[in-house]
Number of protein chains: 2
Amino acid sequence: MASIRDVAVRAGVGIGTVSRTLNNSGYVSEETRKKILEAVEETGYKPSAIAKNMIRKRTGIIGVMVPNQEHPFFAKVMKHMENELYKQGYKCLACNTLDIINRQKSFIDMLDSRVVDGIISCVDELPDFSGGNGRAIVSFDRNSDAGVPIVRSDHEMGGRLVAELFIKKGCKKVCQFTSGFDRKRTANIRHDVMKEVLEEAGVEVVSIITAWDALSYSYNKDMVRKYWDIIETVDGMMTTDIGALSCLSVAQKMGLNVPKDLCIIAYDGTDITELTYPELTVIQQDCPTIAKKCVETVLNMVDGKEVPSLELIPVKLIERGTT
Amino acid sequence: MASIRDVAVRAGVGIGTVSRTLNNSGYVSEETRKKILEAVEETGYKPSAIAKNMIRKRTGIIGVMVPNQEHPFFAKVMKHMENELYKQGYKCLACNTLDIINRQKSFIDMLDSRVVDGIISCVDELPDFSGGNGRAIVSFDRNSDAGVPIVRSDHEMGGRLVAELFIKKGCKKVCQFTSGFDRKRTANIRHDVMKEVLEEAGVEVVSIITAWDALSYSYNKDMVRKYWDIIETVDGMMTTDIGALSCLSVAQKMGLNVPKDLCIIAYDGTDITELTYPELTVIQQDCPTIAKKCVETVLNMVDGKEVPSLELIPVKLIERGTT
DNA sequence: GTGAAAGCGCTAACAC
DNA sequence: GTGTTAGCGCTTTCAC
């Protein structure tokens with residue numbers, strides 16, 4: 001593998017001149033310039049990013065840490081993050097925590113060992129130290145008690161929109177899958193708000209606590225089956241996209257009429273919610289904007305700039321066929 | 001940020017000794033060892049991966065290049081690749097080509113500039129040079145004329161299984177979405193084989209050519225709507241998961257009985273196919289094995305070992321409710 | 001056992 | 001304009 005030295009020797013110049021030529025920094029005569037470009041061609045020289053990183057003390061890589069990138073919401077948001085990072089000249093390292101504590105830790109370690117310049121993190125338990133020491137880390141859709149800035153959807157708004165729609169549709173008893181109220185999931189905000197607004201209006205609310213890592217498809221379907229005796233007593237259901245798809249399919253199998261017998265609202269609003277019949281009514285999280293804000297924030301932190309401690313992204317109600 | 005020198009000074013030893021201690025290489029007396037560990041603690045020293053990379057001439061990062069990681073098949077396979085890479089001590093850089101030629105090129109450039117040690121690539125048009133010069137690059141589910149090894153599902157087997165099932169179900173006229181026959185997509189193999197086997201058995205086959213980048217959800221649904229006058233004349237349909245979901249929902253909307261009026265077979269078999277009612281019959285690609293083989297192959301190439309030029313992973317027919 | 005020194009491939013400051 | 005040199009933060013000989 002040719003190095004800058006090989007090029008310099010071949011062109012009969014010093015390595016500084018080669019560097020200057022290739023980076024367009026400082027003056028280089030047209031003649032030497034040509035000689036150098038020729039030598040680059042002949043040697044097949046490609047500058048080593050590693051050596052450059054050594055000097056910049058940066059890798060140009062941001063880690064994106066999610067529970068599971070196969071989940072449609074995370075798949076979507078990670079894609080948009082990769083895209084935003086790309087636009088800014090950064091690369092995106094994919095980290096699935098898979099709820100394994102060692103994985104979480106090892107990805108945070110990459111920040112300290114400077115494999116990545118920063119991390120966008122969606123995990124429940126950030127180590128306490130994470131925020132300190134000038135680490136560039138932003139928490140996406142999760143609370144954090146470590147002084148880490150947070151970017152998330154406006155779940156208060158989401159919970160309210162859901163509740164209002166159920167009320168408008170005349171629902172009397174609503175069920176929701178929640179991930180338990182003792183965790184740092186910001187998602188719980190929507191459940192709290194929905195419950196509050198609904199109960200104020202005299203609508204009964206049943207909350208079924210799912211495992212806090214309920215991200216897999218099969219788990220969701222199992223939960224719907226397991227709690228079907230409860231679900232069939234309600235006339236409104238709110239859960240994530242996957243839960244909603246599960247719910248819809250089981251309801252159809254059981255001969256229920258959706259939305260007549262049961263209104264379903266899917267939270268997240270990824271594209272799969274448009275591929276059912278009837279199409280799912282959703283609260284849609286604005287993934288492009290979430291991604292943009294996360295990237296903007298983490299890159300500002302990398303540059304040592306001040307960043308807001310909380311950014312709220314509005315959600316959108318899209319009424320379709322299940323309400 | 002503390003460097004190895006700071007630790008050495010603080011512990012009153014040479015940097016070589018610090019290095020030896022931290023890497024358990026060479027002899028270090030218990031006494032100095034303790035002093036050094038203390039100094040590490042006090043300074044908060046974390047070894048720089050960048051400097052280590054400089055010496056190893058490796059980053060420990062493999063790029064995974066797919067058209068769009070939001071697509072359920074690629075989301076799944078990339079997750080499994082990340083997992084396999086992690087097990088081998090490697091990291092996974094996410095690259096969405098989004099069918100943009102510049103993006104493709106820039107990701108390949110990362111190989112040359114040594115940002116990544118290798119690339120697992122699922123793109124249609126690899127630059128011709130890609131295979132040469134000892135580049136560690138494996139093509140996943142795509143043909144390549146550049147001497148790049150290929151890992152893919154056994155689509156001959158897939159096409160045959162589909163055809164046989166349609167025949168068994170008594171279908172007389174089958175429709176398929178294909179991505180056009182002039183491309184290097186290995187997916188076309190299954191379409192060719194299916195057509196051949198079906199026509200041999202006297203079953204008529206209609207092929208609808210979709211855009212070669214037909215990976216988005218909305219595009220698929222539009223295609224189903226657009227060609228519905230054709231689709232409603234057939235009694236068998238084969239397409240990818242997303243296409244099949246689209247097809248099922250439109251069929252239900254149109255009042256068709258699936259599978260009585262129309263058999264649907266989804267190719268890919270990601271988890272969303274279990275969330276419909278009826279559940280989709282699928283040809284399932286073995287993502288964990290594909291991921292494992294891709295990782296194994298690319299890491300062997302990184303190590304300069306010989307690798308097979310083609311690896312075929314069996315697919316599996318799972319009969320569910322749409323046939 | 002341990003320190004000093006060379007070197008990985010590059011950039012940037014500084015002479016000439 | 002251009003060459004030389006000093007690092008960037010490590011690992012790895014090689015003396016002592």
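So you know, we letter chains A, B, ... as the sequences are listed, proteins then strands, and number each from 1. Because only heavy atoms are used, hydrogens play no part in the values below, and waters and symmetry mates are left out as well, while side chains stay in. Note that the structure is predicted; figures quoted are calculated from it, not measured.
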For the residue pair B:P288 and B:D286, establish whether any side-chain heavy-atom pair is separated by less than 4.5 Å. yes
Distance alone, cut at 3.5 Å: any donor-acceptor contact between the side chains of A:N53 and B:R114? no
Within the structure provided, determine whether A:L37 and A:T21 are in side-chain contact (heavy-atom separation under 4.5 Å). yes
Ordered by number, residues from residues 50-59 of chain B within less than 4.0 Å of DNA chain D (heavy atoms) are B:A51, B:K52, B:M54, B:I55
What's the shortest heavy-atom distance between B:V115 and B:T59, and which atoms? O-OG1, 2.9 Å
Under 4.0 Å from any atom of DNA chain D, heavy atoms only: list the residues of residues 20-30 of chain A that qualify, in numerical order. A:R20, A:Y27, A:V28, A:S29
Interface residues of residues 2-15 of chain B with DNA chain D (non-hydrogen, below 4.0 angstrom): B:S3, B:I4, B:I15
Qualifying ring-ring contact (aromatic ring centres under 6.0 Å, His included) pairs, either residue in residues 7-28 of chain A, two or more places apart: none
Side-chain touch A:S113/B:S48, heavy atoms, less than 4.5 angstrom: no
Does NZ or CZ of A:R103 fall inside the cone over B:Y86's six-membered ring, less than 6.0 Å from its centre and within 45° of the axis? yes
Does OP1 or OP2 of D:dT11 have a side-chain N or O of B:S19 closer than 4.0 Å? yes
So how far off straight is the helix from C:dG1-D:dC16 to C:dC16-D:dG1, going by the axes through five pairs at either end, to 10°? 50°
Tell me whether the rings of A:F74 and A:H71 are parallel (<30°), tilted (30 to 60°) or perpendicular (>60°). tilted
Taking it one step at a time, do A:D141 and A:H155 satisfy side chain to side chain donor-acceptor pair (under 3.5 Å)? CA-CA 10 Å; A:D141 206 34; A:H155 295 304; 2.9 Å; yes
Taking the side chain as everything from C-beta on, heavy atoms only, tell me whether B:L93 gets closer than 4.5 Å to B:M65. no
Between A:N23 (side chain only) and A:R20 (backbone N and O only), is there a donor and an acceptor less than 3.5 Å apart? no
Segment of DNA chain C, first to last nucleotide, that comes within the 4.0 Å heavy-atom reach of chain B: C:dG1 to C:dG9
